[in-house]
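These notes concern the structure reproduced below.
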Amino acid sequence: MKKTYGVAALALVLVTGCSSAAGRSPASPPASTPAPSKAVDAPSPTPSAPQGAAGNWAKWGLTALPAAPAAPADKPVKLTASGPVPVFSEVPTKDKVVFITIDDGAEKDPKFVEMLTDLKVPVSMFLTRDIVKDDYGYFKPLQALGNHVHNHTTDHAQLSKVSAEKQKSEVCDAQTALTQQYGKAPLLFRPPYGDGAHTPQLNTSVQQCGPRAIVLWRESMQIHDMQYQAADKKLKAGDIVLAHFRGPKDLKGETMTEMFAEMLRRIQEQGFAVARLEDYIQAPAG
């Protein structure tokens with residue numbers, strides 16, 4: 001399975017795969033202008049997923065996180081059907097929740113599917129076509145749990161280093177493949193390394209291909225600890241947390257489930273619940 005990584009980010013690839021700085025930015029989209037992009041819908045909002053039974057948490061060496069509140073009726077992030085797409089790394093909310101996002105799809109550990117089935121912790125999956133195409137089916141049980149599939153390019157290119165034509169194909173070709181495989185057009189896009197997220201060129205490519213927002217992050221999970229962008233090294237309400245589908249080869253012998261358990265412990269230590277990101281986003285109508 002071939003992966004293309006930008007040279008500038010190789011130092012982080014073994015641990016995080018595509019971490020880079022992603023400053024706080026508003027969730028509200030800029031003024032809309034006519035564009036040929038098609039409105040992309042998301043599954044109907046769902047109430048907060050119930051926490052898994054205490055015995056299921058104990059099975060993974062954990063105690064249950066606080067239950068997330070019900071999904072807000074008035075979504076704090078409202079997306080438009082056309083025009084420039086917003087770029088955001090957190091959601092404006094007073095709910096004491098964070099959102100877990102998992103990138104690329106390199107590790108396909110059956111135990112992780114078992115873990116999420118037990119714990120009912122919501123995640124959002126940003127998948128890279130060429131990394132998941134050898135086993136699209138692995139992610140379908142995770143999707144069946146209510147976890148959404150989003151776009152993370154075709155081959156994990158560093159988008160600021162490629163031509164406009166290549167950049168567009170990275171977004172559009174992945175959008176087509178993921179829509180065909182998972183039955184729903186990805187609503188959100190994440191550029192590898194966060195690279196080019198705020199550039200007009202990438203914004204135009206995303207508009208043309210279908211996603212209606214570019215999503216970055218505030219924290220990224222390392223093997224045992226969080227990497228914070230905030231100087232106080234603390235989670236904030238509405239933060240988006242980045243993790244990766246990784247296994248022992250990249251996690252110094254740790255498994256995907258061990259890494260995920262450590263992340264949940266870091267979240268629990270600060271008293272946060274995990275909510276579903278899409279429950280706080282109003283997708284375009286249609």
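The figures that follow rest on heavy atoms only: side chains count, while hydrogens, waters and symmetry mates do not.
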Next on the checklist: Show, in sequence, the C-alpha distance, side-chain angles and deciding distance for L251 and E107, and conclude whether the side-chain contact (heavy atoms from CB on, under 4.5 Å) test is met.
Outcome noted: CA-CA 11 Å; L251 299 179; E107 179 72 8; over 6 Å; no

Checklist entry - H148 vs H150 aromatic rings, parallel, tilted or perpendicular, using cut-offs 30° and 60°? => result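 Aromatic pair H148/H150 classed parallel.
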
Looking at every non-hydrogen atom in both residues, tell me the closest pair between [X] and [Y] and how far apart they are.
X    : Y    : value
C209 : K168 : SG-O, 3.5 Å
P84  : R212 : O-NH2, 3.8 Å
A164 : S205 : O-OG, 4.4 Å
A174 : T154 : N-CG2, 3.4 Å
L142 : L116 : CD2-CD1, 3.7 Å
A275 : Y280 : CB-CE1, 3.9 Å

Less than 4.5 Å apart, side chain to side chain, heavy atoms only: is that true for [X] and [Y]?
X    : Y    : answer
P191 : V171 : no
T255 : K111 : no
L216 : I240 : no
L62  : L119 : yes
M259 : H224 : no
Y182 : Y136 : yes
P86  : T80  : no
R276 : N147 : yes

Is the backbone of [Y] close enough, under 3.5 Å, to the side chain of [X] for a donor and an acceptor to pair up by distance?
X    : Y    : answer
N203 : V85  : yes
Q158 : D195 : no
E170 : D155 : yes
K233 : A230 : no
E219 : L235 : no
T93  : D95  : yes
H152 : D104 : no
Q167 : L202 : yes
S169 : K166 : yes
R265 : T63  : no

Item to check | With sequence neighbours excluded, residues passing salt bridge (charged side-chain N to carboxylate O under 4.0 Å, His left out) with R129 | outcome: none

Next on the checklist: If you apply the rule side-chain contact (heavy atoms from CB on, under 4.5 Å), what do you find for L277 with L188, and how did you get there?
Outcome noted: CA-CA 11 Å; L277 177 60; L188 309 174; 4.0 Å; yes

Next on the checklist: As a quick check of understanding, evaluate side chain to side chain donor-acceptor pair (under 3.5 Å) for S220 and Q222, giving each step before the final call.
Outcome noted: CA-CA 6 Å; S220 62; Q222 309 302 302; 3.1 Å; yes

Checklist entry - Stepwise, does the side-chain contact (heavy atoms from CB on, under 4.5 Å) test hold for I100 with I267? => result CA-CA 10 Å; I100 295 176; I267 293 170; 4.0 Å; yes

Next on the checklist: Less than 4.0 angstrom from a charged side-chain N to a carboxylate O is my criterion; do E254 and K249 meet it?
Outcome noted: no

Item to check | Crowding at CD, E165 (>12 non-hydrogen neighbours, <6.0 Å) | outcome: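 Result for CD/E165: open.
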
Next on the checklist: Would you say the rings of F126 and F189 are close, in the sense that their centroids are separated by under 6.0 Å?
Outcome noted: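 No, they do not, as the ring centres are separated by 6.0 Å or more.
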
Checklist entry - Ring centroid separation for F112 and Y138, is it under 6.0 angstrom? => result no

Next on the checklist: Is it true that S82 and Q207 share a donor-acceptor pair across their side chains at a distance under 3.5 Å?
Outcome noted: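 Side chains of Q207 and S82: no pair found under 3.5 Å.
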
Next on the checklist: Looking at F272, I'd like to know if the NZ or CZ of K96 sits under 6.0 Å from its six-membered ring centre while staying within 45 degrees of the ring's axis.
Outcome noted: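 Yes, K96 and F272 form such a contact.
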
Gap between atom [atom2] of [Y] and atom [atom1] of [X] - 0.5 Å precision:
X    : Y    : atom1 : atom2 : value
Q180 : Q175 : CD    : CD    : 11.0 Å
Q181 : Q143 : CD    : CD    : 10.5 Å
K184 : L178 : NZ    : CG    : 14.0 Å
K75  : Q282 : NZ    : CD    : 8.5 Å

Checklist entry - F99 and V91: side-chain contact (heavy atoms from CB on, under 4.5 Å), yes or no, with the steps? => result CA-CA 9 Å; F99 308 98; V91 170; 3.7 Å; yes

Checklist entry - What do the steps show when you test D134 against K108 for salt bridge (Lys or Arg N to Asp or Glu O under 4.0 Å), and what is the final call? => result CA-CA 10 Å; D134 64 331; K108 303 171 183 69; 3.4 Å; yes

Checklist entry - Yes or no on salt bridge (Lys or Arg N to Asp or Glu O under 4.0 Å) for D239 and K236, after CA distance, side-chain angles and deciding distance? => result CA-CA 6 Å; D239 277 1; K236 307 293 190 302; 5.8 Å; no

